[in-house]
Amino acid sequence: MMNTITNLSPEFSRRRFLGVSGVLVLGASLPVRRALAQTPAGTFEPSLFLAMDGQGTVRVTVHRSEMGQGIRTALTQIVADELDADWSRVEVVQAQGDVKYGDQNTDGSRSITQNYDRLRAAGASARLMLRQAAANRWNVKVDDVAAANHEVVHAASSRRLGYGELATEAGLLPVPENAPLKKESEHRYIGKPVIHVDAGDIARGKGTFGADYAVPNMATAVVIRCPWLGGGVKSIANKPMNEPGLVAIETLDAAPSAGPLFAPLGGVGVVAEDTWTAMRIAQGLDIEWTGSPNQTFNSDELRQALRDAVAKPGTPVPGSEKGDVDAVFAAGGTELSATYETPFLSHAPMEPPVAVADVTEERCVLHAPLQDPQSARPLIAAQAGLTPDKVEVTPTLLGGAFGRKSKPDFALEAVELSKRVKRPVRVQWLREDDIRHDYLHASSAQHHRAVIDDEGKPTAWLQRSAFPSITTVFAAQAVQPAPWELEMGFSNLPYSVENQRMESTGIRPGARVGWLRSVCNIFHAFSANVFADEMASAVGRDSIEHRLALIPASGKLKQPGQPAPPGHELDFGRLRHVIERVRKLSDWDKPRPEGVGLGFAVHHSFRSYVATVLEASMDNGRPSVSNAYVVLDCGTYVNPDTCVAQMEGAVVFGLSLSLYGDISMKDGAVVQSNFHDYPMLRIAEAPATKVELVPSQGRLPAGVGEPGVPPVAPALSNALFAATGTRHRTLPIRT
Amino acid sequence: MGVKLNVNGDVVDVDVSGDTPLLWVLRDHLGLTGTKYGCGGGYCGACTVHLDGAATRSCQLPVSTLQGRAIQTIESLDQRHPALVDTWTNNNVAQCGYCQSGQLMSAAALLDGNPKPTDADIDAAMTGNICRCGTYVRIRAAIHQAAGHQATGSAE
Ligand code: FES
Ligand code: FES
């Protein structure tokens, strides 16, 4: 497989994009039209996502961003399968941000969910057109010719033609509607473990990430930003004048102190001929900042406020109340209550934010690791002072993102600086900038209170959640958690309880908050799964037995508020199935040695079901995890090996936040700065991991990138309880 | 200052300030962008290269100290350790891939000195390399495979 994102000169890459996207082509879902008028001679472009030349080289356009979740491979597998293409003759083209593709926002673990059908249809239409072209040439019926591995074959006469030989004629045919799709059993790439299209380049250091993209005459900028949100530059005491390699020192406007959305934070941009010069000069600057209301923000105070909030009634989740919780509490019985806490987290993708902008009076060309190049485009245009049609936004490979790179603030910095210095500019965030100026994952508190029966089943269950809502970034007045935040593992609890109430409280933070891989599911899954384990242990019951007793035998969850889309409702049978399977996979019933505990957690998120068991113990006063067992039901999957890898990675990501993740803020500023005080799990701490995938069974494709994360922290807490008898209700768990 | 460097067997002249870390010389001045910036503080290993054969963090190496030393980067790995490149590719080790140049250079240095490492050897040699995507179990497996024998226990 050739791979066209890597190591192209900018000139070539621009030409390539013109070649593909400069031509008006048909969308997969559009009604029948003549493809002829839009197609240059010798090429066949039956869809936005698929083009073929006379040599038979297929180009699949991927409109989602690659950040390690394997999407460039998976989307290509879908098209190539239905096309019956020879994988070695398929190239991948990375789409620019453009509304013509439909949603390009690579977040929410939904690229496959949203694109599976339309990309299959794109491949299938093209295959039918190639068969028709061959049938016309041979003067036989289309039903008598078959497509197979880049050829059309007429078995009766043993004639065959390669796809390339048919490209021009196929391009003259109308694009059919409702071309027949393959059966699941006929799939050759979908559902098969395919090596990622970028794997070989990455292993040779040839993948092009954001900072690797270079254009002639490019300068590099490092930006010093105000420690608190909303502060601007008051003065620079020691502005250097004639440093060798210095291009410019530019003052950038401060972001709004509330509701900053994706605005750059402002500060001082040091533009230099190379990165080190920019870093060195930036670090030597003595900058005085203007004040902002956020300057007094302290995370300790926020955490106290969150604890206080869940100690008293919050806003009831509309439609969540069942029976009469207060009456059961008043009647007495075995009562359990517990409060759980989680801190702020930073995304810390391995690649810090970076962007390359080339702004002239006529055009702006931007290359950056962006999760949503399409929604960034109008913002970039506004920053450049141009209309969006004059702006090209191309995602590079993303060196990890986890939600951070769906905010284009860093790209807007590059645009502004390029406009100012009239040269292409790369803005390079340092790791310190990344940790200190993130859109933080919200700190939270949950309170659970229940009355349980002899079997540990709750007869009444009250749960409260308090956290700074992501909506505070969007609007200066926003306070309360949004319904979509509560639907992440809080208002859609899958347990049958006769008397139940859910309440939430929002508190405005003095910092930007944002979505981090699995978002509010992290803290909601943590508190609910640990509390359920507490119910089981209160009556001496096996945690998995107990949990199965809480989940209805069959049927679908009716969640409060907006119902889930058809086919994506929480299905109790599927939830039970992943639990049963992880029990087997982990050999749950086999006794472990003294001091070693198993912990179980299950969570439904991003339309998928994940059950996780961790085996843990204490080792020299630190938690240590030896084995992880994960069962994933994501409906129909495209690349099973990617799904397994995402679960392996989720275990590590989840353990990093469980054992180390802790961002604190003092006087409006993040205290931590790099991996020495914001550590990540390292290889010696990574457990051996076994993953099982529930077969597709024709179900709707669901999320994979995020849903593995939520069960990890509660499984760890529960395992440590089993190992030591100590309950951990606050993350991170250090001792 | 002008410095003569020996990079991947080629002698190259660069003219930069002497305190410039090798990382930025490779990336900004020699166009060898396979070596990555991850932290600048010696914590993450994304910038790992070989200095006279030893895995070294290039963000911590002022270029003025490197006159006459042999530097190898990820761009030379295919020639020296094709088995590592192959097993990394065929096992889909990389997720985002950003840490993998550093992981591969650490793995190569390990195999140079220890052709049959155990899991414990691997953990010790690779502990300076963070992978935020969490590819550690595949890294272990791929190193064992490249070393030509099966995993000794935990990884598969
Ligand atoms: S960049 Fe050198 S160790 Fe992180
Ligand atoms: S593969 Fe993404 S950081 Fe290692």
Side-chain angles (χ1 to χ4, degrees), chain A residues 66-70 193 195-196 198-200 202-209 211-212 214 220 244-245 274-277 279-280 348-352 397-402 428 430-431 626 641-642 645-646 648-653 656 674-676 680-684 686-690, chain B residues 16-17 19-21 23-25 27-29 31-41 43-44 46 73-75 77-78 84-86 88-90 92-101 104 120 122-124 126-140 153-156:
Chain A
E66 178 63 59
M67 46 193 169
Q69 84 284 37
I195 292 169
H196 286 190
D198 300 304
I202 285 170
R204 292 170 176 83
K206 288 183 182 158
T208 301
F209 296 88
D212 305 334
T220 297
D274 66 9
T275 315
W276 180 247
T277 304
M279 283 169 74
R280 203 167 30 83
M350 212 63 224
E351 169 196 54
L397 291 177
L398 281 60
F402 313 116
Q428 174 68 59
L430 307 183
R431 176 59 61 194
S626 47
D641 191 56
T642 306
Q646 286 299 300
E648 292 165 353
V651 166
V652 171
F653 195 92
S656 278
N674 207 320
F675 293 126
H676 65 293
M680 297 295 148
L681 205 78
R682 289 177 187 267
I683 192 167
T689 303
K690 282 206 168 102
Chain B
V16 293
S17 93
D19 61 349
T20 310
L23 167 66
W24 298 113
V25 175
R27 292 189 54 82
D28 287 356
H29 297 273
L32 295 171
T33 55
T35 306
K36 304 299 183 200
Y37 165 76
C39 72
Y43 310 119
C44 77
T73 70
I74 183 71
E75 284 84 358
L77 194 71
D78 214 358
L84 268 178
V85 172
D86 284 352
W88 237 254
T89 305
N90 297 333
N92 267 336
V93 171
Q95 288 185 28
C96 83
Y98 195 79
C99 73
Q100 299 296 343
S101 298
L104 279 154
I122 291 172
D123 285 356
M126 304 298 293
T127 195
N129 291 82
I130 293 174
C131 177
R132 181 61 162 145
C133 297
T135 63
Y136 298 129
V137 294
R138 291 190 186 214
I139 288 173
R140 271 193 215 125
S154 55
E156 36 185 272

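Because the structure is predicted, anything quoted here is derived from the model rather than measured. Letters go in sequence order (proteins before strands), and every chain restarts at 1.
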For the candidates [options], which exhibits the highest count of non-hydrogen atom pairs separated by less than 4.5 Å from chain B?
{"options": "Gly200(A), Pro349(A), Ala645(A), Ala199(A)", "answer": "Ala645(A)"}
{"options": "Met680(A), His676(A), Met67(A), Glu66(A)", "answer": "His676(A)"}
{"options": "Gly245(A), Pro244(A), Ala650(A), Ala211(A)", "answer": "Ala211(A)"}
{"options": "Ala348(A), Gly400(A), Ser656(A), Pro687(A)", "answer": "Ala348(A)"}

Margin query: Applying side-chain contact (heavy atoms from CB on, under 4.5 Å) to Thr275(A) and Arg27(B), what does each step give before you reach the verdict?
Written below: CA-CA 9 Å; Thr275(A) 315; Arg27(B) 292 189 54 82; over 6 Å; no

Next item on the list: Identify which part of Asp28(B) has an atom lying under 4.5 Å from any heavy atom of chain A, answering side chain, backbone, both or neither.
Entry: side chain

Check: Can you say whether Ile130(B) sits under 4.5 Å from chain A via the side chain, the backbone, both, or neither, judging by heavy atoms?
Finding: both

For residues [X] and [Y], determine if any side-chain heavy atom of one lies less than 4.5 Å from a side-chain heavy atom of the other.
{"X": "Gln100(B)", "Y": "Ile139(B)", "value": "yes"}
{"X": "Gln646(A)", "Y": "Gln69(A)", "value": "yes"}
{"X": "Asp19(B)", "Y": "Trp276(A)", "value": "yes"}

Chain B heavy atoms under 4.5 Å from [X]: which part of the residue, side chain, backbone, both or neither?
{"X": "Ala401(A)", "result": "neither"}
{"X": "Gln428(A)", "result": "side chain"}
{"X": "Leu398(A)", "result": "backbone"}
{"X": "Met350(A)", "result": "both"}

Checklist line | Top contributor to chain A interface from Gly128(B), Gly38(B), Cys44(B) [non-hydrogen pairs under 4.5 Å] | finding: Gly38(B)

Notebook entry, point to check: Most heavy-atom pairs under 4.5 angstrom with chain A, which of Asn90(B), Thr135(B), Val93(B), Asn129(B)?
Noted result: Asn90(B)

Notebook entry, point to check: With sequence neighbours left out, what residues match Asp641(A) under side-chain contact (heavy atoms from CB on, under 4.5 Å)?
Noted result: Pro193(A), Asn639(A), Asn92(B), Arg138(B)

Notebook entry, point to check: Considering residues at least two apart in sequence or located in another chain, which fulfil the side-chain contact (heavy atoms from CB on, under 4.5 Å) criterion with Val85(B)?
Noted result: Ala203(A), Arg204(A), Leu77(B), Asp78(B), Thr89(B)

Checklist line | Residue pair Cys133(B), Phe402(A): steps toward the side-chain contact (heavy atoms from CB on, under 4.5 Å) verdict | finding: CA-CA 9 Å; Cys133(B) 297; Phe402(A) 313 116; 4.1 Å; yes

Check: Minimum heavy-atom separation for Cys96(B) to Gly399(A), with atom names?
Finding: SG-C, 3.4 Å

